[in-house]
Peer 1: 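Structure in structure tokens, see below.
Computed from a predicted structure; not experimentally measured. FYI, side chains are in, hydrogens and waters are out, and symmetry mates aren't considered; it's all heavy atoms of this structure.
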Amino acid sequence: MRSLPALTRTVALAAAMLLAAAALTGCGADDSTDSTANPYGLAQPGVLRAGTLTDAPPNVYLKDGKFTGFDNDLLTAVAGRLGLRVEFVGTDFSALLSQVNNHKFDVGSSSITITEARKKTVDFGNGYDFGYFGLDVPAGSPITSFDQLAGRRVVVVQGTVQDDYATGKQLNPVRVPDYNGAINQLKAGTADAWIAPAEIGEKSAADSNGKITVAAKQLSPAPTAYAVAKGSDRLREALNEGLDEVIADGTWSRLQAQYYPGRPIPADFTPGSGTAAVPSASAVPSASASSAS
């Protein structure tokens, strides 16, 4: 009778060890499966959740309830090369980079210019586009160049490189959260000028029924790229590979011609890694997708 408790303890200990070993084996199998099913560490396997804007045509915007524009259409093509579906979510640009780094979004898509300051918050893929600063003014304004902005009421979207430019020039800009806010200030006459991404400024002026004009533009100092959270190396590298593929197959050239017809490409700009040949837009078939307008 005295040996029974000792035997019971031995059996119980052996059972516990077997359960622990099984649990460890199971964990190892789950980790392997998770890595295979979700190699890029996405919030939802197979879905690339992208933070973008709703009001910045032709780059990124909503049309008939669908997120579109050059940046977003290009990202959709790149993701397709990786076997991923893109889920776009609208946000404010001023919050976008922190939301990407906090993993609210897997990627940021919004003509994000690469800067040293932004590299402290997120990592960037290879550049996929270039851009110009545009200077939009109310119709009839005497302003015709960037060097006439001192002492003027200049509006910018908060957190953009245009904000950085205006601040660096000590213009004491008025900051608004989105592009519609900037456009409304010009239309209402509460701002003398808006420093904008040139393509967005040109589209806004064309849609203003003559209330806004483009006074000037100048080349932006750095390329634009998709942003990912710090340390998301596998996702960043995969996006770079997918970008090179859609450059080589003509998708990049076709979207350039679709969204920026007639815009010259700077001689020193090469999209992607620089290893993919860039066919001319005339050398690739036109897409059935509707053009931006």
Peer 1: Could you pull out every donor-acceptor pair under 3.5 Å between side chains of residues 193-201 and any protein atom, sequence neighbours left out?
Peer 2:
{"unit_1": "Glu199", "atom_1": "OE2", "unit_2": "Arg263", "atom_2": "NH1", "d": "2.7"}

Peer 1: Got a sec, which residues hit ring-ring contact (aromatic ring centres under 6.0 Å, His included) with Phe105, two or more places apart in sequence or on another chain?
Peer 2: none

Peer 1: Under 3.5 Å, is there a donor-acceptor pair between the side chain of Thr167 and the main chain of Asp164?
Peer 2: no

Peer 1: Please list, chain by chain and in numerical order, all residues satisfying side-chain contact (heavy atoms from CB on, under 4.5 Å) with Thr270, sequence neighbours excluded.
Peer 2: none

Peer 1: Between Phe70 and Tyr128, what is the ring plane arrangement, given parallel below 30°, perpendicular above 60°, and tilted in between?
Peer 2: tilted

Peer 1: Can you list every salt bridge (charged side-chain N to carboxylate O under 4.0 Å, His left out) pair that touches residues 38-56, not counting sequence neighbours?
Peer 2: Arg49-Glu87

Peer 1: Give every residue pair that meets the salt bridge (charged side-chain N to carboxylate O under 4.0 Å, His left out) criterion with at least one member in residues 167-189, sequence neighbours excluded.
Peer 2: Asp163-Arg175

Peer 1: Among all residues two or more places apart in sequence or in another chain, which pass the ring-ring contact (aromatic ring centres under 6.0 Å, His included) test with Phe133?
Peer 2: Tyr165

Peer 1: Applying side-chain hydrogen bond (donor to acceptor under 3.5 Å, both in side chains) as the test, list every pair that has at least one member in residues 218-231; sequence neighbours left out.
Peer 2: Asp123-Lys230

Peer 1: Can you list every pair that meets ring-ring contact (aromatic ring centres under 6.0 Å, His included) and has a residue in residues 202-221, with sequence neighbours left out?
Peer 2: none

Peer 1: Has the side chain of Ser253 got a donor or acceptor atom that lies under 3.5 Å from a matching backbone atom of Gly250?
Peer 2: no

Peer 1: Considering residues at least two apart in sequence or located in another chain, which fulfil the side-chain contact (heavy atoms from CB on, under 4.5 Å) criterion with Arg153?
Peer 2: Val174, Gln185, Asp192

Peer 1: Of all residues at least two apart in sequence or in a different chain, which pass the side-chain contact (heavy atoms from CB on, under 4.5 Å) check with Ala227?
Peer 2: Leu97, Ile112, Val122, Phe124

Peer 1: With Glu241, which residues qualify under side chain to side chain donor-acceptor pair (under 3.5 Å), at least two apart?
Peer 2: none

Peer 1: Taking side-chain contact (heavy atoms from CB on, under 4.5 Å) as the definition, give me every residue that meets it alongside Asn172, ordered by chain and number, with sequence neighbours left out.
Peer 2: none

